2 protein chains.
Amino acid sequence: MLAAAASLGYRPNRIPAIMLSGRSYMVGVVIGGLENPFYATALERLATALRESGLQVLLMYVDDALTLDSALDQLLSYRIDAIVTSLAIGSKTVVRALSQLQIPVVCFNSSLVGPWISTVNSNNHGAGVAAARLVMERGVTQPVWLAGPGKNAASRARGEGFCQGLRKAGMPMTGLTRLRGDDTYDSGYDAITRLWKRGIRPNGIFSSNDMMACGAIDALRERMGLICPRDVIILGYDNIPQAGWRSYDLTSFDQRTERMVTGAMELLDEALVAKDSPLSRTHVVDAQLIERGSTTLTD
Amino acid sequence: MLAAAASLGYRPNRIPAIMLSGRSYMVGVVIGGLENPFYATALERLATALRESGLQVLLMYVDDALTLDSALDQLLSYRIDAIVTSLAIGSKTVVRALSQLQIPVVCFNSSLVGPWISTVNSNNHGAGVAAARLVMERGVTQPVWLAGPGKNAASRARGEGFCQGLRKAGMPMTGLTRLRGDDTYDSGYDAITRLWKRGIRPNGIFSSNDMMACGAIDALRERMGLICPRDVIILGYDNIPQAGWRSYDLTSFDQRTERMVTGAMELLDEALVAKDSPLSRTHVVDAQLIERGSTTLTD
DNA sequence: TTGTAGGCGTTATCAT
DNA sequence: ATGATAACGCCTACAA
């Protein structure tokens with residue numbers, strides 16, 4: 001009977017059930033920066049995990065925080081059960097907007113704190129410390145921290161960990177050069193170009209993400225004639241596929257997206273079960289150092 | 001009054017309107033292969049365009065055709081108005097499944113033909129011919145066609161165009177080497193490694209996509225000591241961001257995603273207006289050759 | 001066990 | 001013009 005109905009093109013309609021139960025089993029996924037392969041992979045895994053939990057993904061692509069407000073209104077009118085977002089921005093306005101929705105919000109790598117908001121973070125600070133340790137072990141005397149956008153909390157934490165690690169190991173902070181990029185390949189290339197113009201020759205670089213690290217590797221070779229790792233060692237973050245491409249062979253911290261997604265799903269389930277009481281938890285996943293050729297000592 | 005309501009957390013509910021009108025203003029977006037930056041960008045643009053048209057994106061990530069069937073059932077029960085998909089697979093089963101949904105389906109670069117199914121294609125064949133012309137102009141004597149998966153219609157069309165172009169220009173087909181990959185970086189690397197083991201030294205390669213081309217460039221250098229473009233020129237397809245990265249500097253055909261998305265939106269609008277009559281249109285967008293260093297003659 | 005009524009929140013229509 | 005009511009489709013609860 002059901003089979004017969006199906007062959008006639010009949011499909012059960014979930015819409016009335018949404019009205020009755022107040023649960024749509026749709027989760028708003030708010031994401032941006034898909035040009036970074038890391039986020040593309042994260043979305044892929046997240047979408048898969050949500051579907052396996054019987055949840056649908058109502059996708060909202062946002063370029064900047066500005067479009068977020070109107071985006072949220074649209075999502076809300078579809079009675080989504082929760083929101084999952086990888087947005088790096090963390091302004092007060094956004095926190096208030098998200099908290100007011102009165103539905104669970106799960107963030108990736110954000111510093112958002114407030115009622116209804118849970119977060120799953122990579123251990124950014126710890127990875128920064130580990131990067132410092134590795135850099136010191138390899139005898140780096142002229143370290144560089146290549147930061148991402150200042151509003152990116154994850155990037156800040158990585159930089160703070162790196163600085164603390166260096167300081168503890170006895171590196172004078174005057175010896176550390178800080179550069180700022182915007183997480184793109186070009187900004188990594190440009191940052192190194194600026195360094196070159198200032199006459200600084202680094203021998204160890206920790207980059208806030210892999211795309212900038214790739215740009216840095218290319219600029220070091222083209223601008224300064226410095227070959228990685230012969231003249232300079234480099235570490236990135238995210239372990240994007242391109243880090244494994246032979247031309248870069250980049251050592252990188254893997255955020256272990258699988259675990260972060262699993263963690264996000266747990267936070268989500270908890271919050272959904274709690275129903276109307278605002279939950280606010282945090283889950284931290286240690287990053288895993290993937291060593292490749294860019295930090296291999298040569299003699 | 002409305003403002004007061006909003007501050008109290010009230011949001012209009014679109015769910016009842018769906019029941020009444022039969023239109024949800026949700027579009028199912030079925031996509032896979034996000035590890036290819038080309039698809040990530042396409043999704044980004046598509047999601048933005050749909051939102052600007054007042055449509056919501058109900059995302060369905062699928063790895064293979066197998067998950068498609070159950071995925072469709074889930075989507076359908078949410079009463080989506082249409083489906084947009086970039087799935088490259090084109091089996092008869094899939095066509096029947098999609099046609100039976102009785103809602104508009106818009107495909108990217110697929111060979112699916114049937115009622116309710118419209119398609120927006122890159123001019124794959126034309127680009128293949130153009131690649132052949134360029135390769136002949138540059139005096140290539142040992143051309144290689146690096147194909148994608150056989151079931152990928154777009155890749156087949158590119159290869160056919162390339163072969164036809166070479167033949168018309170007088171290249172004997174026995175002189176053409178065909179390799180098969182699966183659209184990944186590794187498969188490009190491996191394909192060239194196989195070539196090396198067969199003792200063939202190519203001097204011109206057309207790759208079905210950029211990721212394989214990057215793998216090919218790296219394998220040529222590492223395995224054969226061939227430098228691009230000094231010893232071998234290479235063309236790719238998709239113009240992904242990495243094609244512009246200095247280590248690859250890859251000439252590539254840009255599919256002009258913007259135009260393809262615009263075309264898809266037009267097909268979608270048409271089909272939605274036509275309401276209950278199955279439309280089946282095709283829209284072709286010429287690819288644009290972006291010449292970079294990988295095809296620059298050196299002397 | 002089988003059948004029927006009520007309710008979800010909005011919109012549109014109809015009656016006042 | 002303003003206000004009441006039916007309708008959307010499914011599920012649940014209660015009645016026969």
Side-chain angles (χ1 to χ4, degrees), chain A residues 1-28 50-51 53-58 60 69-83 97-98 100-105 116 269 271-278, chain B residues 1-28 50-51 53-58 60 69-83 97 100-105 116 268-269 271-278:
Chain A
M1 151 59 197
L2 208 64
S7 73
L8 292 169
Y10 172 82
R11 315 264 162 177
N13 186 345
R14 297 199 70 171
I15 301 295
I18 300 176
M19 283 179 58
L20 290 177
S21 68
R23 281 208 56 179
S24 64
Y25 293 90
M26 290 193 284
V27 170
L50 286 168
R51 192 186 55 207
S53 293
L55 296 168
Q56 302 299 318
V57 174
L58 203 52
M60 192 100 280
D69 274 344
S70 65
L72 287 181
D73 271 349
Q74 289 186 44
L75 281 182
L76 263 284
S77 66
Y78 279 87
R79 288 297 181 264
I80 50 170
D81 293 341
I83 285 187
L98 289 174
Q100 278 183 351
L101 305 181
Q102 314 259 53
I103 57 170
V105 177
W116 294 102
D269 287 341
L272 285 176
V273 167
K275 196 66 190 160
D276 294 317
S277 52
Chain B
M1 153 59 196
L2 207 65
S7 73
L8 292 170
Y10 170 83
R11 312 266 163 179
N13 186 345
R14 295 199 70 173
I15 300 295
I18 300 176
M19 282 179 57
L20 289 179
S21 67
R23 282 208 55 180
S24 64
Y25 292 90
M26 289 193 286
V27 171
L50 285 169
R51 194 186 55 209
S53 293
L55 296 167
Q56 303 298 320
V57 174
L58 203 53
M60 192 101 279
D69 274 345
S70 65
L72 287 181
D73 271 350
Q74 289 186 43
L75 280 182
L76 262 284
S77 66
Y78 279 87
R79 289 296 182 263
I80 50 170
D81 293 341
I83 285 186
Q100 277 182 352
L101 305 181
Q102 314 260 52
I103 58 170
V105 176
W116 293 103
L268 184 60
D269 287 341
L272 285 176
V273 167
K275 196 66 188 161
D276 294 317
S277 52

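Bear in mind that the values here come from a model prediction, so they are computed numbers and not experimental data. Reminder, nothing fancy here: chain letters follow the sequence lines and each chain counts from 1.
- Note: I80(B) CD1 to Q74(B) CD = 11.0 Å, rounded to the nearest 0.5 Å.
- Rounded to a whole Å, the CE atom of M19(B) is 7 Å from the P atom of dG9(D).
- Contact between S24(B) and D81(B) at its shortest, heavy atoms only, is N-OD1, 3.0 Å.
- For L272(A) against A82(A), the heavy-atom pair with the smallest separation is CD2-CB, 4.2 Å.
- With axes fitted over five pairs at each extremity, the angle between the ends of the helix from dT1(C)-dA16(D) to dT16(C)-dA1(D) is 60° (10° resolution).
- Remark: R11(A) CZ to Q100(B) CD distance equals 7.5 Å, nearest 0.5 Å.
- Put simply, the side chain of S53(A) never gets that close to the backbone of L55(A): no donor and acceptor are under 3.5 Å apart.
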Can you check each nucleotide of nucleotides 10-15 of chain D against protein heavy atoms at under 4.0 Å and return B for base, S for sugar-phosphate only, - for none, in 5' to 3' order?
BS----
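- Between G28(A) and L75(A), the shortest heavy-atom distance links the atoms CA-CD1, 4.1 Å.
- The minimum heavy-atom distance between R79(B) and P12(A), with the atom names listed, is NH1-O, 3.7 Å.
- Within a 6.0 Å sphere centred on OH of Y78(B), heavy atoms belonging to other residues, nucleotides or ligands number more than 12.
- Atoms CG (L76(A)) and P (dT10(C)) sit 13 Å apart, rounded to a whole Å.
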